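The model shown is predicted, which means the values in this text are computed figures rather than measured ones.
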Amino acid sequence: MGSQGEWGSGAGKGGGAGGSIRESGGAFGKMEAAREEEYFRKLQSKQLKELNDLHQDEIGFLKEQIREHEKQIHRHKEKLNNLKKMQDNAKELD
């Protein structure tokens with residue numbers, strides 16, 4: 001890692017002070033640093049999956065709204081066609 005040192009290598013050795021085990025350095029400090037990294041990778045993976053699921057649900061909801069709006073558009077077009085027919089019939093009677 002260059003001048004930074006390895007995580008868990010101990011306080012004052014570039015590993016930072018991440019807690020008493022990590023401060024002591026050595027194998028336990030490195031093991032603790034690895035556990036922390038694993039925890040945060042799993043947490044990030046879980047959060048990304050939840051975010052993905054949220055977006056998929058939102059897409060499904062919006063697609064359903066589109067279908068409902070298309071039905072309403074069709075219904076209004078039918079009403080307009082019926083009004084047009086009524087107007088045409090009224091003109092024929094004049």
Derivation and outcome, side-chain contact (heavy atoms from CB on, under 4.5 Å), residues D53 and K49: CA-CA 6 Å; D53 293 345; K49 183 188 179 314; 2.8 Å; yes
Any side-chain heavy-atom pair of F61 and Q65 under 4.5 Å: yes
Heavy-atom side-chain proximity of E50 to K46 below 4.5 angstrom: yes
Is the count of non-hydrogen atoms from other residues, nucleotides or ligands lying under 6.0 Å from Q44 atom CD greater than 12? no
Separation between CG (L83) and CG (D88), nearest 0.5 Å, reads 11.0 Å
Distance in Å, N89 CG paired with K84 NZ, rounded so as to fall on 0.5 Å steps: 10.5 Å
Looking only at the side chains, is there a donor atom on one of E78 and H74 sitting less than 3.5 Å from an acceptor on the other? yes
Please evaluate residues E38 and R35 with respect to the criterion salt bridge (charged side-chain N to carboxylate O under 4.0 Å, His left out), reporting the C-alpha separation (whole Å), side-chain torsions for both, the decisive distance (0.1 Å), and the verdict. CA-CA 5 Å; E38 180 182 8; R35 284 186 185 148; over 6 Å; no
Taking the side chain as everything from C-beta on, heavy atoms only, tell me whether I59 gets closer than 4.5 Å to K63. yes
State the CG-NE2 distance between L62 and H69, to the nearest 0.5 angstrom. 10.0 Å
Between CZ on residue R41 and CG on residue L43, distance to nearest 0.5 Å: 12.0 Å
Salt-bridge present (R67, E70; N to O < 4.0 Å): no
Could you go step by step and tell me if H76 and L80 meet the side-chain contact (heavy atoms from CB on, under 4.5 Å) rule? CA-CA 6 Å; H76 284 287; L80 286 173; 5.6 Å; no
